[in-house]
Amino acid sequence: MQYNWIKLPLYEEWDYDYNVGIGGQSIDFRIYYSDRTKQWSFDASYANGGHIIQGTVLIPLKPMLEYAIDGVNGFMWLEPVSVELNEAVLHPDLLHKYYNLYYIYWDDVGEV
């Protein structure tokens with residue numbers, strides 16, 4: 001089994017979108033912050049317009065979007081840059097500063 005890691009960009013803006021190729025699929029991501037709830041959420045859809053997921057909260061150290069992309073075995077992973085999370089808790093709007101976001105997927109090549 002071969003693992004592939006794609007680092008997804010996190011920006012300083014509070015609402016942005018971009019497109020990423022994952023396992024042969026073109027995926028549109030929208031990442032946005034709610035000042036009311038003090039949390040980040042994301043939407044994902046296929047570039048052709050088909051929805052994958054909407055309004056899902058970004059949660060650190062928890063697999064997200066698991067097996068949701070057609071034909072791709074994988075998940076999104078939000079990882080703290082540092083073990084010290086106090087600054088991230090005090091400044092939840094600074095996602096780009098305190099976290100890295102990845103999409104991790106694997107090929108079942110050679111599996112029996």
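Values below: every heavy atom of this structure, side chains too, minus hydrogens, waters and symmetry copies.
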Salt-bridge contact Asp17-Arg30 (side-chain N to carboxylate O under 4.0 Å):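 Between Arg30 and Asp17 there is no salt bridge, as every charged N stays at least 4.0 Å from the carboxylate O atoms.
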
side-chain contact (heavy atoms from CB on, under 4.5 Å) assessment of Phe42 paired with Met64: CA-CA 10 Å; Phe42 74 97; Met64 298 168 283; 4.1 Å; yes

Compare all side-chain heavy atoms of Pro63 with those of Trp77 and state whether any distance is below 4.5 angstrom. yes

With side chains defined as the heavy atoms from C-beta onward, is the minimum distance between Tyr67 and Val72 less than 4.5 Å?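 SC-SC contact between Tyr67 and Val72 ruled out.
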
Approximate separation, where rounding is to 0.5 Å, of [X] [atom1] and [Y] [atom2]:
X: Asn100; Y: Leu78; atom1: CG; atom2: CG; result: 8.5 Å
X: His96; Y: Leu94; atom1: NE2; atom2: CG; result: 5.5 Å
X: Tyr32; Y: Trp14; atom1: OH; atom2: CH2; result: 15.0 Å
X: Asp15; Y: Ile31; atom1: CG; atom2: CD1; result: 10.0 Å
X: Ser45; Y: Ile69; atom1: OG; atom2: CD1; result: 10.5 Å
X: Thr56; Y: Met76; atom1: OG1; atom2: CE; result: 9.0 Å

Using the test ring pair (Phe, Tyr, Trp, His ring centres under 6.0 Å), find all partners of Tyr102 that sit at least two apart in sequence or belong to another chain.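 Expected list: Trp5.
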
Where Asp70 and Tyr46 come nearest, the two heavy atoms and their spacing: N-OH, 2.7 Å

Could you pull out the closest heavy-atom pair between Tyr99 and Leu10, with the gap in Å?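 Tyr99 and Leu10 have their closest heavy atoms at O-CD1, 3.4 Å.
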
May I ask you to decide if the ring planes of Tyr16 and Tyr11 are parallel, tilted or perpendicular, using 30° and 60° as cut-offs? perpendicular

Parallel, tilted or perpendicular: ring planes of Trp40 versus Tyr33, cut at 30 and 60 degrees: tilted

Residue pair Tyr3, Ile104: steps toward the side-chain contact (heavy atoms from CB on, under 4.5 Å) verdict: CA-CA 7 Å; Tyr3 288 90; Ile104 301 167; 4.3 Å; yes

Sub-3.5 Å donor-acceptor pair from the side chain of [X] to the main-chain atoms of [Y], do we have one?
X: Tyr105; Y: Ile6; value: no
X: Gln39; Y: Leu58; value: no
X: Lys62; Y: Ile59; value: no
X: Asn48; Y: Gly50; value: yes

Set out, in order, the CA-CA distance, both residues' side-chain angles and the distance that settles side-chain contact (heavy atoms from CB on, under 4.5 Å) for Asp43 and Phe29, then state yes or no. CA-CA 6 Å; Asp43 302 339; Phe29 285 100; over 6 Å; no

Is Lys7 atom NZ crowded by more than 12 heavy atoms from other residues, nucleotides or ligands, each under 6.0 Å away?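 It does not: Lys7 NZ has 12 such atoms or fewer within range.
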
Return yes when atom CD of Glu12 has more than 12 non-hydrogen atoms of other residues, nucleotides or ligands closer than 6.0 Å, and no otherwise.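 It does not: Glu12 CD has 12 such atoms or fewer within range.
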
Take Asn4 and Trp106, measure what side-chain contact (heavy atoms from CB on, under 4.5 Å) needs, and give me the verdict at the end. CA-CA 6 Å; Asn4 302 290; Trp106 52 92; 5.7 Å; no

Would Asp28 and Tyr18 count as having a side-chain donor-acceptor pair, cut-off 3.5 Å?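 Absent: no donor and acceptor within the cut-off.
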
